[in-house]
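Below: one structure, written as structure tokens.
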Amino acid sequence: MTGHVYRMFTHAIVRLPGENFAAGLTTSELGRPSFPKMLAQHEFYVNTLRALGLEVIALPAEPAHPDAYFVEDPAVVTPAVAIITNPGAAARRGEQDTLEPVLARYRQIAHIRPPGTMDGGDVLMVGKHFFVGISERTNEEGASQFGRILEEHDYSWTAVPLGDGLHLKSSVNYVGADSDGADNLLITEAFADREVFQSYDKIILAEEEVYASNTLLVNDTLIMPKGFPKTRRQLEGLGKKIVELDVSEAQKMDGGLTCMSLRFRHLL
Ligand code: CIR
């Protein structure tokens with residue numbers, strides 16, 4: 001299949017982690033995260049986005065919502081519309097309220113309404129097609145509402161029941177077109193056989209490196225978590241610039257690179 005001309009991002013929204021970020025939801029058993037380390041890693045992340053040419057809008061922490069710096073979950077930004085979600089975890093509902101006015105400066109707004117739930121971490125955009133994970137956070141109703149909004153804007157979509165993992169993007173991410181123009185997915189072995197991903201080229205993660213699935217493509221640079229040498233070698237085959245970032249503290253909170261920003265192109 002032909003590769004998509006990658007739409008360059010011009011902006012990113014991030015939110016500072018709050019002092020109480022360790023009170024967020026997590027299933028990981030990687031130990032208690034450190035706030036100073038988290039802040040330093042977050043700052044490095046923001047500086048990396050800036051170095052790649054993005055204007056970064058940094059929102060203040062939300063003390064009532066310790067997971068709110070994972071801004072990817074309460075909203076999904078497409079070129080045509082920003083969709084404000086109804087986050088799947090009760091503790092995260094409300095994070096979207098302070099994000100909406102910021103996004104309204106850049107996009108028409110649509111909403112996922114209860115009983116629909118959705119986390120943006122379940123939404124993978126590949127060109128004009130969207131894969132939507134059905135997970136503990138995103139229910140069928142949330143996915144259908146999202147699908148109807150997409151269809152109004154001429155996007156297509158496919159539901160992907162998850163089984164394993166927190167979000168769809170914990171297992172599969174788009175890592176761009178290779179030199180032949182083929183679109184590539186970085187994907188876990190468990191997902192690689194799924195019919196829905198059949199038409200893509202796939203880079204299959206080593207079992208011990210599945211966390212590296214959460215690699216972020218920004219303007220033809222791949223930002224990957226630090227310390228996954230096999231995945232790095234695999235990604236080098238795509239011929240893109242690669243930057244490794246230490247996100248150990250976000251990982252302890254079940255988050256990663258894609259979760260900590262909302263990237264988009266400002267359409268003038
Ligand atoms: C949560 O459980 O909701 C947060 N601690 C982690 C969210 C990570 N977000 C993402 O993968 N998009």
Side-chain angles (χ1 to χ4, degrees), residues 12-35 37-38 41-42 45 49 59 61-78 82-97 99 103 112 117-125 130-139 142-143 146 160 162-174 186-188 191 205 210-218 223-225 245 247-264:
I13 298 174
V14 302
R15 191 192 288 283
L16 293 178
E19 264 179 76
N20 64 347
F21 85 105
L25 303 168
T26 189
T27 57
S28 112
E29 289 171 356
L30 296 169
R32 196 176 164 74
S34 137
F35 182 54
K37 231 171 155 180
M38 179 73 227
Q41 291 178 356
H42 192 268
Y45 175 79
L49 296 179
L59 306 178
E62 280 268 312
H65 295 290
D67 274 326
Y69 62 103
F70 292 126
V71 283
E72 179 180 70
D73 295 316
V76 177
V77 189
T78 78
I83 296 112
I84 307 297
T85 73
N86 177 35
R92 301 200 58 186
R93 286 185 202 135
E95 290 179 16
Q96 68 274 30
D97 299 346
L99 214 45
L103 283 168
I112 305 298
T117 63
M118 164 168 274
D119 276 9
D122 277 317
V123 178
L124 173 65
M125 178 165 80
F130 289 74
F131 294 99
V132 183
I134 309 293
S135 67
E136 279 182 23
R137 300 292 177 86
T138 301
N139 64 15
F146 185 74
V160 186
L162 240 59
D164 272 355
L166 176 60
H167 288 125
L168 179 64
K169 280 187 285 192
S170 314
S171 299
V172 51
N173 279 276
Y174 176 60
L186 179 61
I187 192 165
T188 60
F191 277 75
L205 289 144
V210 292
Y211 179 72
S213 154
N214 201 254
T215 285
L216 172 61
L217 176 65
V218 174
I223 308 177
M224 67 173 293
L245 290 188
V247 283
S248 61
E249 304 315 282
Q251 187 181 3
K252 289 175 185 167
M253 300 311 299
D254 282 349
L257 290 161
T258 69
C259 326
M260 291 192 288
S261 59
L262 280 167
R263 293 80 45 194
F264 59 94

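Just the heavy atoms: all of them, side chains too, but no hydrogens, waters or symmetry mates, feed the values below. Sequence positions, counted from 1, serve as the residue numbers for this chain. All ligand and atom numbering here is 1-based and tracks the order in the structure.
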- Pairwise side-chain contact, P225 with T215, heavy-atom cut-off 4.5 Å (strictly under): yes

- Query: What part of K169, side chain from CB on, backbone N/CA/C/O, both or neither, has a heavy atom under 4.0 Å from ligand 1?
  - Reply: neither

- Would H167 count as a contact of ligand 1 if the rule is a heavy atom under 4.0 Å away? yes

- Query: Is it true that R137 and D122 make a salt bridge, defined as a side-chain N closer than 4.0 Å to a carboxylate O?
  - Reply: no

- For ligand 1, which atoms have a heavy atom of F70 less than 4.0 angstrom away? 4 (C), 5 (N), 6 (C), 7 (C)

- Taking heavy atoms and a distance under 4.0 Å, where does D73 meet ligand 1: side chain, backbone, both or neither? side chain

- Query: Would you find a donor on one side and an acceptor on the other, under 3.5 Å apart, between the side chain of T85 and the backbone of V76?
  - Reply: no

- Query: Heavy-atom distance under 4.5 Å between the side chains of L262 and L99, does that happen here?
  - Reply: yes

- Mind checking whether T258 and R263 have side chains closer than 4.5 Å, heavy atoms only? yes

- Query: Between M253 and ligand 1, is there a nitrogen or oxygen pair with a distance under 3.5 Å?
  - Reply: yes

- Run the numbers for me: atoms of ligand 1, each under 4.0 Å from some heavy atom of L25, listed by number. 2 (O), 4 (C), 5 (N)

- Message: Checking a contact table here: which protein heavy atom is nearest atom 10 (C) of ligand 1, and how many Å away?
- Response: C259 SG, 2.8 Å

- Touching ligand 1 at all, D254? Heavy atoms, strictly under 4.0 Å? yes

- Message: So, using ring-ring contact (aromatic ring centres under 6.0 Å, His included) as the criterion, who are the partners of F130 when residues are at least two apart?
- Response: Y155

- Item | Interfacing atoms of ligand 1 (cut-off 4.0 Å, heavy-atom, G255) | 8 (C)

- Query: If we only count heavy atoms from C-beta on, is the V132 to T138 side-chain gap below 4.5 Å?
  - Reply: yes

- Message: Can you name the atoms of ligand 1, numbered from 1 with element, that are less than 4.0 Å from a heavy atom of R92?
- Response: 1 (C), 3 (O), 4 (C), 7 (C)

- Looking at ligand 1, does any of its N/O atoms fall within less than 3.5 Å of an N/O of T26? no

- What atoms of ligand 1 come within less than 4.0 Å of a heavy atom belonging to R137? 1 (C), 2 (O), 3 (O)

- Item | Lys/Arg N to Asp/Glu carboxylate O, E72 vs K169, below 4.0 Å | yes

- Query: Can you find a heavy atom in the side chain of D119 that is under 4.5 Å from one in the side chain of S135?
  - Reply: no

- Query: Evaluating non-hydrogen atoms only, which member of D67, D119, D122 is closest to atom 4 (C) of ligand 1?
  - Reply: D67

